Chemist: 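Could you have a look at this structure, given as structure tokens, before my questions?
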Amino acid sequence: QALELQFGQSVAVLGIGPVGLMAVRAAVLQGAGKVFAIGSRPVCFHVAQEYGATHLVDYHDPEYIDHIIAQNGGPVDGVVLCGGSEKELSLGLKMLKNGGTLVNLSAYFSNASIPIQPAVWGFGYGDKTIKGVGCGGGRLKLSRMAQLIACGRVQPEKLITHRFHGMDQIPVAMELFLKHDRSLIKPVIYND
């Protein structure tokens, strides 16, 4: 909702781990037209496509932003930033049209300044909005999400790539995360 999308607008989601994949699905449910899912892991591209992404973009391509702008026929209407470092903010602004909104769902703990290149901000005249959004909760929001899941519009089980049984498997699951296993989206540990 933070993007305030209009029906048919284009969205780029930069970083398609679990949060980014949910952002892809949310954009589709809100009526986005073209949805660019930007990542590099095949397992995430597969789920992004199942969630409705129309374009799968590998950020290792040094010209991926130019390709997005060309495929979209101009900069995108909205960007959701779901990963990377502080430098991704300028990359997100570079692919965002004037008057568009960038929603940042990433956290930055380095206490470093965040550089914004003046050109990607329209030299201060680009009318580009940056929103830092936290994850809101509450009964009403959870109830609505449960309805989306119950109706099959959101399928969080697609994010589960690894299943473990027994709490003694926590270190194994954690090791996948710490070693940045490219086959991992989300592990689930069953306490049975």
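Positions are given from 1 along the sequence. Predicted model, so just to flag it, every value in this text is computed and none were measured.
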Chemist: Is a side-chain N or O of D77 found less than 3.5 angstrom from the main chain of S10, in a donor-acceptor match?
Modeler: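 It does hold such a pair.
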Chemist: So among L96, I116, V103, T101, which one has a side chain to side chain contact (heavy atoms under 4.5 Å, CB included) with I130?
Modeler: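 Of the listed options, the one satisfying the test is I116.
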Chemist: I need the L91 CG to E86 CD distance, nearest 0.5 Å.
Modeler: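 Answer rounded to 0.5 Å: 12.0 Å.
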Chemist: Would you kindly confirm whether L159 and I149 end up in one hydrophobic cluster when ILVMFWY residues are joined by side chain heavy atoms under 4.5 Å apart?
Modeler: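 Same hydrophobic cluster.
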Chemist: Going by salt bridge (Lys or Arg N to Asp or Glu O under 4.0 Å), name the residues that satisfy it together with K158, two or more places apart in sequence or in a different chain.
Modeler: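 For K158, the residues satisfying salt bridge (Lys or Arg N to Asp or Glu O under 4.0 Å) (neighbours in sequence not counted) are E50.
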Chemist: Decide whether L178 and V172 are clustered together by the hydrophobic rule: side chain heavy atoms of Ile, Leu, Val, Met, Phe, Trp, Tyr closer than 4.5 Å, transitively.
Modeler: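 Yes: a chain of side-chain contacts under 4.5 Å links L178 to V172.
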Chemist: Take Y64 and L14 through the side chain to side chain contact (heavy atoms under 4.5 Å, CB included) test and state the conclusion after the steps.
Modeler: CA-CA 11 Å; Y64 80 88; L14 183 51; 3.7 Å; yes
Chemist: Please collect all side-chain hydrogen bond (donor to acceptor under 3.5 Å, both in side chains) contacts where either partner lies in residues 165-174, sequence neighbours excluded, each pair once.
Modeler: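 Found H165-D192.
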Chemist: Does the pair K131 and E4 meet the rule for a salt bridge (charged side-chain N to carboxylate O under 4.0 Å, His left out), with working shown?
Modeler: CA-CA 11 Å; K131 292 183 178 179; E4 300 174 12; 3.1 Å; yes
Chemist: Show me, pair by pair, the donor-acceptor contacts under 3.5 angstrom made by side chains of residues 18-26, not counting sequence neighbours?
Modeler:
from : atom 1 : to   : atom 2 : distance (Å)
R25  : NE     : R153 : O      : 2.7
R25  : NH1    : Y51  : O      : 3.0
R25  : NH2    : R153 : O      : 2.9

Chemist: Please check if the number of heavy atoms outside Y190 that lie under 6.0 Å from its OH is greater than 12.
Modeler: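 Yes.
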Chemist: Rounded to the nearest 0.5 Å, what separates atom OH in Y59 from atom CD1 in I16?
Modeler: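 Y59 atom OH to I16 atom CD1 measures 9.5 Å (nearest 0.5 Å).
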Chemist: Parallel, tilted or perpendicular: which describes the rings of H180 and F177, with under 30° parallel and over 60° perpendicular?
Modeler: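 Tilted, since the angle between the ring planes falls between 30° and 60°.
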Chemist: Quick one, Q9 and K97 - any side-chain contact, counting heavy atoms below 4.5 Å?
Modeler: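 A side-chain contact under 4.5 Å exists here.
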Chemist: Check whether any side-chain N or O of R182 sits under 3.5 Å from a backbone N or O of S40 as a donor-acceptor pair, and report yes or no.
Modeler: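 Side chain of R182 to backbone of S40, a donor-acceptor pair under 3.5 Å: yes, one is there.
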Chemist: Is K34 reaching over with its side chain to a backbone N or O of V76, donor-acceptor style, under 3.5 angstrom?
Modeler: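 Not a single qualifying donor-acceptor pair exists.
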